[in-house]
Number of protein chains: 2
Amino acid sequence: MRIGDVARRSGVSVRALRYYEEQGLLSPTRSPGGQREYAEDAVDRVRFFQQLYAAGLPSRRIAELLPCVDTGTTTAEQRAMLDAERDRIRKQIDEYTAALARLDEIVVAAADRRV
Amino acid sequence: MRIGDVARRSGVSVRALRYYEEQGLLSPTRSPGGQREYAEDAVDRVRFFQQLYAAGLPSRRIAELLPCVDTGTTTAEQRAMLDAERDRIRKQIDEYTAALARLDEIVVAAADRRV
DNA sequence: GTAGGAGCTACCGTTGACGTCAGGTGCAAG
DNA sequence: CTTGCACCTGACGTCAACGGTAGCTCCTAC
C-alpha cells in the first residue's frame, strides 16, 4: 500500500503519516524508487495512534509503549509509564466532567432568563 | 489587590494574568502609577478560567460566555455555542474513556508476561 | 532619600502535530 | 514518450497559552 491509500483509509493526512514515521511510530519499507510501502496493519496502527493522541499522549509516549503492544510484554519502566498515563487520563476525565458541570450550571441558570 | 497577590492566591503566573487581560477575560482597573488593581472576585474568576481551559476551551470561547455568567442570560448564539461545547466535551470524555480502555488492555495483556 | 522587590511594556522563544509551499522524481496510462 | 497524478525531501509557517528577558518605573520600608 502506498502512502495515499493509507491516508484515505485511516482518515489522516499524508503529511501526518510522514510525521509518524519521523517520530518512530511507523517504519514502512521502500520501493526501489524510494516510495514508502505500508503493510496491511498500518491502517489499524494509525487509528490506534489517533486514539492515543486524542487522549493527550505525545508521540514519545506512544513510541515507548509500541513495544508492549507488539511483544505483549512490559518492563518495570513501561508499567510505571502506563500507570502514570492511565492516572493522568482519569484525572483529565474528572476535569472535563467538572467543566461540563460548570457549563451546565450556566445553561440552567439562564434557561428561564433568555434574551 | 495587585497582580502578584492574585497570582499567588489563584495559583497561576503573573504572565498568565496579563495574558488573560490581553484576551479580554479580565479588566482590572489601574492605579495612578499604572499598576493593575484587581477586585476580590478576580481569584474566583481565574480559577473558573483554569477549569474551562482544562476542558479544552480556548480563550475566545471563554470570553464569549463570560457575559452569560455575569448577566445570567443567554442569546440564541450563546446557547448554541454552549450546546456545542458541552457536546464537544462529552465526546472528548468518550475518547478519553476509550483510550483508557486501550491502555488497560495493554496492561492486562502483559500482566502475566512481564519481562 | 534611597534601596530593592514588585510592576510595567514590548518583544522573542517554546512546544506538538501537523499545514504548506518549492522544486524535483516515480510510475502507470495512452 | 509524454502526460500527469502521486510521491519525494527539505524547510518554513501555524496556533495557543503562556515563559523569559530587557530596560524601565512604582512603591513601600527603613
Side-chain angles (χ1 to χ4, degrees), chain A residues 1-39 42-43 45-66 85 88-89 92 95-96 99, chain B residues 1-39 42-43 45-66 85 88-89 92 95-96 99:
Chain A
M1 241 187 324
R2 294 199 299 176
I3 197 167
D5 303 320
V6 180
R8 265 183 302 279
R9 288 218 253 158
S10 61
V12 308
S13 70
V14 166
R15 178 68 178 86
L17 293 175
R18 296 206 187 99
Y19 176 75
Y20 297 162
E21 181 176 358
E22 196 180 313
Q23 299 302 308
L25 302 184
L26 287 175
S27 301
T29 58
R30 297 293 181 128
S31 78
Q35 303 201 348
R36 292 170 178 82
E37 190 60 28
Y38 293 86
V43 175
R45 281 178 89 90
V46 169
R47 294 210 180 105
F48 179 57
F49 299 158
Q50 288 293 108
Q51 205 164 23
L52 296 185
Y53 276 131
L57 274 86
S59 301
R60 260 187 71 93
R61 292 279 168 260
I62 302 180
E64 283 170 20
L65 64 78
L66 271 186
E85 286 299 336
R88 192 188 56 75
I89 294 177
Q92 275 290 317
E95 289 184 20
Y96 271 70
Chain B
M1 240 187 325
R2 294 199 299 176
I3 197 167
D5 303 322
V6 180
R8 265 182 302 280
R9 289 219 253 157
S10 60
V12 307
S13 70
V14 166
R15 179 70 180 82
L17 292 175
R18 297 206 187 100
Y19 175 75
Y20 296 161
E21 181 176 359
E22 196 179 313
Q23 300 300 309
L25 302 184
L26 287 175
S27 301
T29 58
R30 296 293 182 127
S31 77
Q35 304 200 345
R36 292 172 177 80
E37 189 61 28
Y38 292 86
V43 175
R45 282 178 89 91
V46 169
R47 294 210 181 105
F48 179 59
F49 299 158
Q50 288 293 107
Q51 205 163 24
L52 295 185
Y53 276 131
L57 275 85
S59 301
R60 260 188 70 95
R61 293 279 168 261
I62 302 181
E64 283 171 19
L65 65 78
L66 271 186
E85 285 299 335
R88 190 188 57 74
I89 293 176
Q92 273 291 316
E95 289 184 21
Y96 271 69

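By convention in this document, chain letters (A, B, ...) are assigned in the order of the sequence lines, proteins followed by strands, and residues within each chain are numbered from 1.
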Next item on the list: Starting at atom CG of B:D5, determine the distance to atom C1' of C:dG5, rounded to an integer number of angstrom.
Entry: 13 Å

Note to self: Tell me the interatomic distance from B:E21, atom CD, to C:dA10, atom C1', rounded to whole angstroms.
What the structure shows: 15 Å

Next item on the list: Quantify the bending of the helix from C:dG1-D:dC30 to C:dG30-D:dC1 as the angle between its end axes, each fitted on five pairs, to 10°.
Entry: 0°

Next item on the list: Assign a letter to each nucleotide of nucleotides 17-30 of chain C from its 5' end: B, base within under 4.0 Å of a protein heavy atom; S, sugar-phosphate only; -, no contact.
Entry: BBBB-----SS---

Margin query: Just the rounded figure in Å: distance from P of D:dA6 to CD of A:E37.
Written below: 16 Å

Checklist line | Contacts of B:E21 that satisfy salt bridge (charged side-chain N to carboxylate O under 4.0 Å, His left out) - sequence neighbours left out | finding: B:R30, B:R36

Next item on the list: Can you tell me the distance, in whole Å, between the CZ atom of B:R61 and the P atom of D:dA17?
Entry: 11 Å

Next item on the list: Check the distance between D:dA17's P and B:L26's CG and give it to me in whole angstrom.
Entry: 14 Å

Checklist line | Non-neighbouring partners of B:E85 that pass salt bridge (charged side-chain N to carboxylate O under 4.0 Å, His left out), sequence neighbours left out | finding: B:R61, B:R88

Note to self: Could you work out, with side-chain hydrogen bond (donor to acceptor under 3.5 Å, both in side chains) as the rule, every residue matching B:Q51, not counting sequence neighbours?
What the structure shows: A:R102

Next item on the list: Return the value, rounded to whole Å, for the distance between atom CZ of A:F49 and atom P of C:dG16.
Entry: 18 Å

Note to self: Checking A:R2 now: which residues fulfil side-chain hydrogen bond (donor to acceptor under 3.5 Å, both in side chains) with it, not counting sequence neighbours?
What the structure shows: A:Q35

Notebook entry, point to check: Does A:R8 have any salt bridge (charged side-chain N to carboxylate O under 4.0 Å, His left out) partners at least two apart in sequence or in another chain, and if so, which?
Noted result: A:D5

Note to self: Under the rule for ring-ring contact (aromatic ring centres under 6.0 Å, His included), what residues qualify as partners of B:Y20, not counting sequence neighbours?
What the structure shows: B:F49, B:Y53

Notebook entry, point to check: Base, sugar-phosphate, or nothing: which does A:R36 touch, judged by heavy atoms less than 4.0 Å apart?
Noted result: sugar-phosphate

Notebook entry, point to check: Quick one: B:L52 CG to D:dC18 P, roughly how many Å, whole number?
Noted result: 12 Å

Checklist line | Residue pair A:Y96 / B:G56: nearest heavy atoms and the distance that separates them | finding: OH-N, 4.2 Å

Next item on the list: Send over the distance from A:R18 CZ to D:dA11 P, rounded to a whole Å.
Entry: 15 Å

Notebook entry, point to check: What closest approach, in Å, do A:I62 and A:L25 show between heavy atoms, and which atom pair accounts for it?
Noted result: CG2-CD2, 3.9 Å

Notebook entry, point to check: Which pairs, with at least one residue in residues 45-56 of chain A and sequence neighbours excluded, count as a salt bridge (charged side-chain N to carboxylate O under 4.0 Å, His left out)?
Noted result: A:D44-A:R47, A:R45-A:D70

